[in-house]
Amino acid sequence: MSQFWLMKSEPSECSIDDLAAAPAQSVPWIGVRNYQARNFMRDQMQPGDGVLFYHSSCPEPGIAGLAEVSRLAYVDASQFDPQSPYFDAKSKPEQPRWLHVDVKLRRKTRLLALNEMRQRPELASMRVLQPGNRLSITPVSPEEWQAVLALLG
DNA sequence: GCCAACGTTGGC
DNA sequence: GCCAACGTTGGC
């Protein structure tokens with residue numbers, strides 16, 4: 001029984017086109033430094049889970065494609081690299097804090113813009129639309145997933 | 001660039 | 001364990 005997720009990515013870091021151009025159309029979801037988001041990846045995400053690939057912090061925020069989890073969570077090497085923007089001096093190799101899954105493209109879609117999402121009553125329950133939400137990874141219910149698919153056509 | 005929301009840190 | 005200060009997120 002697979003689950004569904006919405007994952008935010010800044011297009012300047014990794015856009016849907018970057019995902020499409022990546023080897024095997026798969027990218028390591030490195031850099032998550034929030035415990036709730038980490039716990040979703042570590043404790044719940046399974047290969048085959050559906051992912052709404054969301055563009056954030058950009059001129060047109062919204063869902064840009066469909067993807068899936070392609071690898072179980074494993075250690076995020078960037079936390080140990082002092083040169084990396086994701087370096088975490090408090091994380092020790094014998095007890096790594098941060099893990100990540102891999103995400104693989106299913107298909108690029110039309111952009112389902114944030115403002116359109118807000119106008120759709122069937123999406124009103126989505127966590128990403130709740131006021132003050134900042135989580136970069138949020139669970140999506142089967143109903144919400146189906147509603148998004150219907151809107152994407 | 002602003003600012004509201006909220007997670008994290010650290011002193012007590 | 002509380003909570004104020006601070007930093008980050010992310011839409012606008």
Side-chain angles (χ1 to χ4, degrees), chain A residues 3-22 26-45 49-69 73-141 143-145 147-153:
Chain A
Q3 301 186 83
F4 304 103
W5 308 93
L6 181 143
M7 299 176 80
K8 295 181 188 173
S9 181
E10 301 188 15
S12 59
E13 294 288 317
C14 180
S15 70
I16 193 75
D17 291 328
D18 294 330
L19 181 60
S26 180
V27 295
W29 208 264
I30 61 164
V32 170
R33 295 295 180 267
N34 171 282
Y35 290 104
Q36 271 184 275
R38 180 205 65 181
N39 292 350
F40 286 140
M41 290 197 285
R42 186 189 63 186
D43 304 336
Q44 296 192 43
M45 286 184 161
D49 279 6
V51 171
L52 303 175
F53 191 99
Y54 179 94
H55 283 172
S56 69
S57 292
C58 60
E60 287 189 294
I63 294 167
L66 300 174
E68 66 183 46
V69 175
Y74 58 107
V75 173
D76 185 339
S78 68
Q79 68 195 302
F80 304 125
D81 175 6
Q83 307 305 315
S84 168
Y86 305 124
F87 179 62
D88 181 351
K90 294 180 184 170
S91 183
K92 299 298 163 207
E94 58 274 18
Q95 200 174 10
R97 275 189 190 185
W98 305 112
L99 301 94
H100 65 86
V101 298
D102 287 355
V103 171
K104 187 176 79 175
L105 183 69
R106 280 188 187 164
R107 65 182 171 96
K108 186 176 174 179
T109 63
R110 77 175 179 94
L111 185 83
L112 178 57
L114 177 61
N115 58 22
E116 181 179 352
M117 294 171 70
R118 289 197 193 286
Q119 288 165 15
R120 292 290 178 175
E122 65 270 36
L123 301 187
S125 62
M126 288 188 74
R127 189 113 166 237
V128 73
L129 300 181
Q130 305 313 307
N133 168 76
R134 294 186 313 173
L135 256 191
S136 63
I137 299 175
T138 49
V140 171
S141 74
E143 294 76 17
E144 292 161 351
W145 174 266
V148 169
L149 288 195
L151 289 169
L152 290 173

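Reminder, nothing fancy here: chain letters follow the sequence lines and each chain counts from 1.
Put simply, NE2 on A:His55 is 17 Å from C1' on C:dT9, counting in whole angstrom units. When the P atom of C:dC12 is taken as reference, atom CZ of A:Arg118 falls 5 Å away, rounded to whole Å. Between A:Met117 atom CE and C:dG11 atom P the separation is 10 Å, expressed in whole Å. Rounded to an integer number of Å, the gap from A:Tyr86 OH to C:dT9 P is 9 Å. The CD-P distance, from A:Gln36 to B:dG7, rounds to 6 Å in whole Å. Counting to the nearest Å, the C1' atom of B:dG7 and the CD1 atom of A:Ile137 are 16 Å from each other. At whole-Å resolution of the value, CD in A:Glu10 and C1' in C:dT9 are 9 Å apart. The distance from atom CG of A:Asp88 to atom P of B:dT8 is 12 Å, rounded to the nearest whole Å.
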Run the numbers on A:Phe53 and A:Trp29 for ring-ring contact (aromatic ring centres under 6.0 Å, His included), then give the verdict.
CA-CA 12 Å; A:Phe53 191 99; A:Trp29 208 264; 5.8 Å; yes
Could you please spell out the steps behind the ring-ring contact (aromatic ring centres under 6.0 Å, His included) verdict for A:Tyr74 and A:Trp98?
CA-CA 8 Å; A:Tyr74 58 107; A:Trp98 305 112; over 10 Å; no
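Note on A:Asp88 versus A:Arg33: no salt bridge recorded, every NZ/NE/NH1/NH2 to OD/OE distance being 4.0 Å or above. Taking a cutoff of 4.0 Å between a charged side-chain nitrogen and a carboxylate oxygen, A:Lys108 and A:Asp17 qualify as a salt bridge.
Both A:Gly132 and A:Arg33 lie near DNA chain B, and the one whose nearest nucleotide falls closer to the 5' end is A:Gly132.
Distance from the side chain of A:Lys90 is smallest to B:dG10 among C:dG11, B:dG10, C:dG7.
Contact annotation: A:Tyr35 side-chain N/O to B:dT9 OP1/OP2 distance is not under 4.0 Å. Here A:Lys8 reaches the OP1 or OP2 of C:dG10: one of its side-chain N or O atoms lies under 4.0 Å away.
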